[in-house]
Amino acid sequence: MSGKSGIVILGIFAADTAYKAKRLPHIAETLMGSGFTLGPGGKGSNQAIAAAKAGGKVTFISRVGNDPFGEMALAAYAAAGVKANVMKMEGVSTGAAFIFVDEVSGDNAIIVAPGAAGLIGIDDVDANRVEIENAAIFMTQLEQPLEAAMHGLSMAKKAGATTIFNPAPAHAIPDSIYGLCDFIVPNEVEAAELVGHPIETDEQARAAACALLDRGAQAVIITLGARGAYYHTTGQSEFIPAFSAGNVIDTTGAGDAFLGAFATAVSEGFAPVEAVRFGCATAAIAVTRPGTAPAMPSRADINALLRSS
């Protein structure tokens, strides 16, 4: 990464509409909820805000509509210090997400409609070639079309940037993508989808990580929720335990908090295991707060938790 700096993230913005209730309704059933929030979301957008609040220099590539949700996105980036290379489109709505939050456990279920960001393509990546090729880190996910993600990873890899791929939401991906990944970072559900077996024990996490490494990834991180994360590469394997920062009230943005902070730490030269610890601490704080992007902690908050632990 010599001579390179900053983090470029390709992904979607979606306005998060989050509903708290005791359970999801059945078909044709109406339930009374116990809470509602509206705020900025989308995996890539959340990761960009998390990385910036953790201290990273971040550029975010996406598309939004020319509507109130699009204005929400741009305001969120301005507040967090994210450089927004975001196309504003006419006649197409900004992405939105339905989020169910269990009012007892804080666990969630999500439906995403990407809207304008679903039209992200290779041209969006090419338009940002200079920034991608000069970045220390390039990160993307799968809420936007796969071909755009692969093109970005390939461009960054060829330029010598460190590539981070979050294969979320879970679905089949071509084997050719693994060789483009310096770090592939699924959660336990996504890893299970990729390898075809559950990730319920440490042994299953190890087996999944080995399988993903064998497919060509340079390093694998499987995030395990309340259990922490598992880091695996040739010659090194380590479970990093989760931190506790208080009562868990909303797990929706935990993975994005982890990834944004991890990218920031790697961009600053942290060793990978220490970057994973930094990401775990960030996620631990985020789940004690409602919402996704608004829950992302500052660098001071993260450092305070690391010192106290």
Side-chain angles (χ1 to χ4, degrees), residues 1 7 43 47 50-51 54 136-142 153 156-157 160-168 170 172-245 251 254-287 302 305-306 309:
M1 294 194 296
I7 302 161
K43 288 185 184 298
Q47 290 165 17
I137 306 289
F138 176 81
M139 181 161 66
T140 191
Q141 330 72 29
L142 288 174
L153 289 166
K157 187 76 170 175
T162 296
T163 56
I164 303 172
F165 177 48
N166 173 215
I173 56 176
D175 286 346
S176 57
I177 202 167
Y178 292 97
L180 303 176
C181 304
D182 291 310
F183 297 95
I184 186 168
V185 190
N187 66 20
E188 52 203 325
V189 173
E190 294 146 5
E193 176 78 13
L194 293 174
V195 301
H197 65 73
I199 314 294
E200 297 170 353
T201 67
D202 290 354
E203 291 73 21
Q204 289 170 333
R206 286 191 187 95
C210 288
L212 298 178
L213 206 69
D214 288 345
R215 294 178 191 179
Q218 292 298 302
V220 181
I221 301 164
I222 302 176
T223 58
L224 301 167
R227 294 160 55 206
Y230 178 57
Y231 172 76
H232 178 71
T233 190
T234 303
Q236 186 177 11
S237 297
E238 188 167 340
F239 282 94
I240 294 89
F243 290 77
S244 176
T251 63
D256 297 332
F258 175 91
L259 278 150
F262 174 77
T264 292
V266 173
S267 76
E268 294 180 4
F270 282 49
V273 168
E274 290 307 307
V276 172
R277 289 188 74 250
F278 189 80
C280 285
T282 305
I285 299 168
V287 299
I302 301 164
L305 179 59
L306 287 166
S309 301

State, with a plain yes or no, whether a side-chain heavy atom of [X] is found less than 4.5 Å away from one of [Y].
X	Y	answer
L180	T163	no
I184	P167	yes
L142	F165	yes
I164	V185	yes
L259	M139	yes
F258	T282	no
F243	L306	yes
V276	E238	no

Supply the atom-to-atom distance [X] [atom1] to [Y] [atom2], rounded to the nearest 0.5 angstrom.
X	Y	atom1	atom2	answer
H232	I222	NE2	CD1	9.0 Å
D256	Q47	CG	CD	4.5 Å
E193	E188	CD	CD	14.0 Å

Q | side chain to side chain contact (heavy atoms under 4.5 Å, CB included) partner of F262, the single match among I221, I137, N166 | A |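 Looking at I221, I137, N166, the match for F262 under the side chain to side chain contact (heavy atoms under 4.5 Å, CB included) is I221.
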
Locate the shortest heavy-atom distance separating [X] from [Y]; write the atom from each residue and the value.
X	Y	value
G260	A50	CA-CB, 4.1 Å
F278	A261	CD2-O, 3.4 Å
Q141	A168	CB-O, 3.7 Å
L224	F239	CD1-CE2, 3.8 Å
A191	P186	N-CB, 3.7 Å
A281	L305	O-CD2, 3.4 Å

Can you give me every donor-acceptor pair (side chain of residues 203-216, partner residue at least two apart or in another chain, under 3.5 Å) with its distance?
residue, atom, partner, partner atom, Å
Q204, OE1, E200, N, 2.6
Q204, OE1, T201, N, 3.1
R215, NH1, Y178, OH, 3.0
R215, NH1, L194, O, 3.1
R215, NH2, L194, O, 3.1

(Q) Let's go through D182 and Q218 carefully: what are the C-alpha distance in whole Å and the side-chain angles of both, what is the deciding distance for side chain to side chain donor-acceptor pair (under 3.5 Å) to 0.1 Å, and is it a yes or a no? (A) CA-CA 5 Å; D182 291 310; Q218 292 298 302; 5.9 Å; no

Q.
Tell me whether the rings of Y231 and F183 are parallel (<30°), tilted (30 to 60°) or perpendicular (>60°).
A.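 Rings of Y231 and F183: tilted, 30 to 60°.
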
Q.
Looking at E190 and N187, would you say the former's side chain and the latter's main chain have a donor-acceptor pair under 3.5 Å?
A.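 Indeed, once roles are kept as given, a pair shorter than 3.5 Å links the two residues.
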
